[in-house]
There are 2 protein chains.
Amino acid sequence: MGHRERKKLEAWRTIRSTALRLISERGYDAVSVEDIAKEAGVSRTTFFSYFPSKEAVAFEFDPQELQQWRALVDAEASDQPLWEALTDLFLDITELLPEWLPVQKRLLVEHPGLIQSARGTCDSFAPDLRAWIARRLPDGDDLRTTLLLNVSMAAFITAVEAWDPDDSVDTLRDTVRTCLRWAGAGLAQPVG
Amino acid sequence: MGHRERKKLEAWRTIRSTALRLISERGYDAVSVEDIAKEAGVSRTTFFSYFPSKEAVAFEFDPQELQQWRALVDAEASDQPLWEALTDLFLDITELLPEWLPVQKRLLVEHPGLIQSARGTCDSFAPDLRAWIARRLPDGDDLRTTLLLNVSMAAFITAVEAWDPDDSVDTLRDTVRTCLRWAGAGLAQPVG
DNA sequence: TAAATACTTGTACTCAGTTCAGGTTTCGGC
DNA sequence: GCCGAAACCTGAACTGAGTACAAGTATTTA
């Protein structure tokens, strides 16, 4: 990892942590992009070269962690059934972001309007997941692929929504497992 | 329906149709709120008293149609199993918005960034649907209720995403039925 | 060391969204 | 029909997000 790349990641993390700290302290609306940039020792222009929007800075994935997760997806070659393997990939995601997750969740609780952009976070890993599902499904059934992707994400998001950030991340993982299991078993059935 | 209420609905519809027309003609980014307001014969301030944002004007439900759908939900008392009844409620939604749906879908195809706010449209009926589900589920199982809501919406959205706006709305309905059936049967199972 | 390339910065701009004070329209009671 | 209250519309002025760009600085490669 060259000097340049290292500095870039460092800057990314400085901006993100500064942003989440300020927002936790003062609330989302009371913090401007200019505040964040100034506090992170960077210009407003540079802020927008790292993050496409103010909302993104709160929810986007750490580039390195995302890369690690992508490697896991590519390497996934277990003999588990599709849905179980998919569940594990979502559990992997929760492993990658234990640091900021409680802060982000608290932010969401206080500011429900941000849920939309929090969901947008999924866009960063959805394409990889979609390709992975398509690979494991018989010949190009696009509708089924998209449905598996969207429904599994919905189950995942449901678990995150239901999770109390004051509880441990393990609690979240249990809920993720439950939601994915229920969705996999079929929601038309009574609880089983 | 008093004079006041009627005028308000009329203004709402004028603004919406003007907005969708201009956006179809020139593209989303090339139309400003000021353009829409001017063309609709109303002030910018008034625009924002009808719609919370520029994105909302393209996707929000017609208040009257939403009210009609709510009446359907409240009246729903068939002896169908939960998941079938839920499917019908989603099909009812597609019945309410045949007029603008193709335009909206074309807008989404050309401008994928708007998908987030299109999903936000669901927020207008989600609470009603949630209450309906909770009523039909054994004692306050919040997690299960939310999961049913989120997964059924995900299946619905999948169908809309997969739908080609040049096809008939009946095609969309078929896809909605398919997606809901698959999700209800359990996605861990092979296609059935 | 020098040229090419990537990154940062300040400036200036557009436009979404909010606030507010004042004017206009509609409504209910008489 | 008349009048006061309430709802509604409007223009003006403001904040702050996001973009474009030209000039400067650091990094890489040869």
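Throughout, protein chains are lettered first and strands after them, A, B, ... in sequence-line order, and every chain is numbered starting at 1. Since we're looking at a predicted model, the values are computed, not measured.
- In this structure, CZ of Phe47(B) is placed 11 Å from P of dT18(C), rounded to the nearest angstrom.
- Donor-acceptor pairing under 3.5 Å, judged by distance alone, is absent between the side chain of Ser53(A) and the base of dG18(D).
- The residue Thr45(A) sits close to a base: some heavy atom pair falls under 4.0 Å.
- DNA chain C is contacted by both Ala11(A) and Glu55(B); Ala11(A) maps to the nucleotide lying nearer its 5′ end (nearest heavy atom per residue).
- Annotation: of the two residues near DNA chain D, Gly41(B) and Arg44(B), the 5′-most nearest-nucleotide partner is Gly41(B).
- For Glu65(A), the CD atom counts as densely surrounded, since its 6.0 Å shell holds more than 12 non-hydrogen atoms of other residues, nucleotides or ligands.
- Distances from the side chain of Arg4(B) to the nucleotides dT10(D), dA6(D), dT19(D) place dA6(D) closest.
- Atom pair Glu34(B):CD and dT14(C):P shows a separation of 12 Å (rounding to whole Å applied).
- Side-chain nitrogen and oxygen atoms of Thr46(B) include none within less than 4.0 Å of the OP1 or OP2 phosphate oxygen of dC9(D).
- For Glu34(B), the CD atom sits in a loose shell: 12 or fewer heavy atoms of surrounding residues, nucleotides or ligands are nearer than 6.0 Å.
- Across all strands shown, Tyr50(A) has heavy atoms under 4.0 Å from sugar-phosphate atoms exclusively, and none from any base.
- Judged by distance alone, the side chain of Trp83(B) and the main-chain N or O of Ala185(B) form no donor-acceptor pair under 3.5 Å.
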